[in-house]
Engineer: 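Attaching a single structure in C-alpha cells format; questions to follow.
Please read these numbers as outputs of a predicted model, since none were measured by experiment.
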Amino acid sequence: ATYDYQLRQKVAILQETMQRVGKFEAPRDIHIISGPEWQYRNRTQFHIRGGRLGYLKAGSHELVAIEKCPISSPVINECIAALNRMLKDRRFPQFVTELEVFTNETDTQLNVLHTARPVARGFFDWAAEEIPGYVSGPIVYNGFRVSYKSFFQVNRFLVDQLVDAALADAEGNSALDLYAGVGLFSWTLASQFKTVTAVESSNAAIGDLIHNVPKAEAVRSSVDEFLATQSEATDFVLADPPRAGLGKHAVRHLLRLKPRQIAIVACDPATLSRDMAPLLAGGYGIDRIIMVDLFPQTYHMETIARLSLR
C-alpha cells in the first residue's frame with residue numbers, strides 16, 4: 001500500500017474503532033502526524049534459531065531469517081550484519097535465543113532478552129569489537145538517559161512532535177505524568193507547570209526518571225495504587241499507558257478526582273476507546289484526536305486524545 005493510503009486507512013480504523021468499541025463518535029477531523037516511512041525504528045528485537053537471526057513468522061514460531069530490516073535505522077542494520085557474522089563464529093553462545101538492539105545512531109545497546117543460562121562477560125567484550133558504537137551501560141537519547149529495560153519511543157523521527165502534540169496548550173499550576181517512563185513528557189511538563197508528579201513502576205525507568213527530570217517529584221508506584229491515595233486533582237494529567245490501556249480502576253479514580261485536562265497517549269485504538277467512553281460519559285469532552293504514525297508499514301498506530309472537563 002502507498003504511504004498516503006496507509007495513513008488514510010489508519011484514521012478510518014481509528015474512527016470505526018471508537019464508534020464500535022467506545023460507542024461514541026470520533027471527530028471527523030483527525031489530525032495526522034507522520035514522518036519518514038522507512039528506517040525509523042531505533043529499537044529492534046531479534047530471535048535466534050539454528051544459528052540464524054530473524055523474526056518469527058506471524059502466528060507461528062517459525063523463524064524468518066533476515067539480512068536487513070527496512071524499517072530499522074541504518075545503525076541497527078549495521079548491527080544485523082555484525083550479528084550475522086558473529087553467529088557463524090563458534091564463540092557465539094548457542095543458548096541465547098533473543099536479542100535486542102537499541103541505538104541513538106551513535107551509541108548502541110545490545111541487550112540479551114532470553115537465554116537458557118547466564119552469558120559470559122567475554123561475549124560482551126567481543127560484541128564491543130563487532131557492534132557499531134557498542135556501550136555497556138545506558139545511552140543518551142534526545143538528552144534522556146535510557147538504561148537497559150527502560151522504555152523509550154521507537155520512532156527516531158517523531159519523538160519531539162509526539163511530545164509537542166500531547167502537551168500543546170496544557171496549562172495550570174500542577175501536572176501529573178502517569179506511566180512516566182524515563183521522563184519524556186515530564187521534562188516538558190516541568191517547564192510548563194509549577195509542580196509535576198511523575199508516576200512510574202519500573203525499577204530501571206525510575207532511576208532514569210530521577211536523573212532526567214530532577215524538577216519533578218518521582219513516585220515509584222503502580223498508577224492504580226497511586227491514584228487511590230489521591231484526594232485532590234491536578235490541573236493536567238498526561239497518561240501514556242501500555243497496550244492494555246488505563247483500565248477501569250484508573251479511569252474510575254480520574255473521574256473521582258476530575259482534573260481539568262487529560263491527555264492520553266495510546267498505542268491501541270480499542271483500549272483507548274474503552275477508556276474514553278466512561279470519561280466522556282462522566283463529563284469530559286473531546287478537544288482533539290491526533291493520529292501519530294509511529295509505526296509505518298504496520299497496522300499499529302499511536303493516538304493522542306486531548307480531553308477537558310466540560
Engineer: Salt bridge or not for Arg43 and Glu100, using N-O below 4.0 Å?
Structural biologist: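 Judged by the 4.0 Å cut-off on N to carboxylate O distance, Arg43 and Glu100 do form a salt bridge.
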Engineer: Whether the Thr108 and Thr103 side chains hold a donor-acceptor pair (N or O, under 3.5 Å, no angle test) is what I'd like checked.
Structural biologist: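 A pair is found: one side chain offers a donor N or O, the other an acceptor, under 3.5 Å apart.
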Engineer: Can you measure from OG1 (Thr298) to CZ (Arg41) and round to the nearest 0.5 angstrom?
Structural biologist: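 Spacing of OG1 (Thr298) from CZ (Arg41) equals 8.5 Å.
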Engineer: Would Glu171 and Gln192 count as having a side-chain donor-acceptor pair, cut-off 3.5 Å?
Structural biologist: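 Not at all, the side chains of Glu171 and Gln192 share no donor-acceptor pair under 3.5 Å.
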Engineer: Hey, is Arg288 close enough to Asp169 for a salt bridge, meaning N to O under 4.0 Å?
Structural biologist: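 Yes, Arg288 and Asp169 are salt-bridged.
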Engineer: With no hydrogens and no angle check, is any side-chain donor or acceptor of Lys258 less than 3.5 Å from a backbone partner on Leu255?
Structural biologist: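 Yes; judged by distance alone, with no hydrogens or angles, the pair exists.
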Engineer: Over 60° means perpendicular and under 30° means parallel, so classify the ring planes of Trp187 and Phe144, tilted if in between.
Structural biologist: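 Plane angle over 60°, so perpendicular.
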Engineer: Write out all pairs satisfying side-chain hydrogen bond (donor to acceptor under 3.5 Å, both in side chains) with one or both partners inside residues 61-79, taking only residues at least two apart or from two chains.
Structural biologist: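 As it turns out, the side-chain hydrogen bond (donor to acceptor under 3.5 Å, both in side chains) pairs with a partner in residues 61-79, which skip direct neighbours, are Thr44-Ser72, Ser73-Glu105.
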Engineer: Could you check Leu238, Val199, Asp240, Ile262 and say which one makes a side-chain contact (heavy atoms from CB on, under 4.5 Å) with Leu178?
Structural biologist: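 So the option named by the test is Val199.
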Engineer: How far apart are the closest heavy atoms of Met291 and Ile30, and which atoms are they?
Structural biologist: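 In terms of heavy atoms, the two residues are closest at N-CG2, 3.9 Å.
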Engineer: Might you point out which heavy atoms bring Gly172 and Arg260 nearest each other, and give the distance in Å?
Structural biologist: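 In this case the closest contact between Gly172 and Arg260 is CA-NH2, 3.9 Å.
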Engineer: Does the ring-ring contact (aromatic ring centres under 6.0 Å, His included) test come out yes or no for Tyr179 and Phe151, once each step is laid out?
Structural biologist: CA-CA 10 Å; Tyr179 315 94; Phe151 172 78; over 10 Å; no
Engineer: Which residue pairs satisfy the ring-ring contact (aromatic ring centres under 6.0 Å, His included) criterion with at least one member in residues 105-132, sequence neighbours excluded?
Structural biologist: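 Every ring-ring contact (aromatic ring centres under 6.0 Å, His included) pair that includes a residue of residues 105-132, provided the two are not neighbours, is Phe92-Phe123.
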Engineer: Counting the benzene-type ring for Trp, do Phe157 and Tyr40 have ring centres under 6.0 Å apart?
Structural biologist: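 Ring-ring flag for Phe157/Tyr40: false, centres at least 6.0 Å apart.
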Engineer: Closest heavy-atom contact between Leu246 and Asp275?
Structural biologist: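 For Leu246 versus Asp275, the nearest heavy atoms are N-OD2, 2.7 Å.
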Engineer: Between the side chains of Asp4 and Arg8, is the shortest nitrogen-to-carboxylate-oxygen separation below 4.0 Å, so that they form an ion pair?
Structural biologist: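 No salt bridge links Arg8 with Asp4.
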Engineer: Not counting sequence neighbours, which residues clear side-chain contact (heavy atoms from CB on, under 4.5 Å) with Pro138? List them please.
Structural biologist: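 Expected list: Arg145, Ser147.
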Engineer: So, Asp235 and Lys194, do they make that salt bridge, N to O below 4.0 Å?
Structural biologist: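 Answer for the salt bridge query: no.
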Engineer: Quick check for you: to the nearest 0.5 Å, what is the distance between Ile286 atom CD1 and Met276 atom CE?
Structural biologist: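 The CE atom of Met276 is 4.0 Å from CD1 of Ile286, to the nearest 0.5 Å.
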Engineer: Salt bridge (Lys or Arg N to Asp or Glu O under 4.0 Å) between Arg310 and Asp287: does it pass, once the steps are laid out?
Structural biologist: CA-CA 10 Å; Arg310 296 295 192 248; Asp287 293 331; 3.1 Å; yes
Engineer: Do Arg220 and Asn203 have side-chain N/O donor and acceptor atoms under 3.5 Å apart?
Structural biologist: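 Result is yes, a qualifying pair exists.
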Engineer: Which heavy atom of Ile264 sits nearest to which heavy atom of Pro241, and what is that distance?
Structural biologist: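 For Ile264 and Pro241, the tightest heavy-atom pair comes out as CG2-CD, 4.4 Å.
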Engineer: Assess whether atom CZ of Arg121 is packed by more than 12 heavy atoms of other residues, nucleotides or ligands within 6.0 Å.
Structural biologist: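 Counting neighbours around CZ of Arg121, more than 12 heavy atoms of other residues, nucleotides or ligands fall under 6.0 Å, so yes.
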Engineer: Going by side-chain contact (heavy atoms from CB on, under 4.5 Å), Leu189 matches just one of Leu167, Thr197, Val213. Which one?
Structural biologist: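 Passing option: Leu167.
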Engineer: Do Tyr141 and Asp107 get their side chains close enough for a donor-acceptor pair, meaning under 3.5 Å?
Structural biologist: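 The answer is no; no qualifying pair exists.
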Engineer: Phe295, Phe102: one ILVMFWY side-chain cluster at the under-4.5 Å cut-off?
Structural biologist: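 Yes, it is one cluster - the side chains of Phe295 and Phe102 are joined through contacts under 4.5 Å.
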Engineer: Looking at every non-hydrogen atom in both residues, tell me the closest pair between Ala166 and Phe236 and how far apart they are.
Structural biologist: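 Ala166 and Phe236 have their closest heavy atoms at O-CZ, 4.0 Å.
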Engineer: Closest approach of Ala198 and Ala180, non-hydrogen atoms and distance?
Structural biologist: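 Answer, listing the atom of Ala198 first, then Ala180: CB-CB, 3.7 Å.
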Engineer: Quick check on the hydrophobic clustering: are Leu209 and Val159 connected, directly or via other members, by side-chain heavy-atom contacts under 4.5 Å?
Structural biologist: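 Result: yes, single cluster for both.
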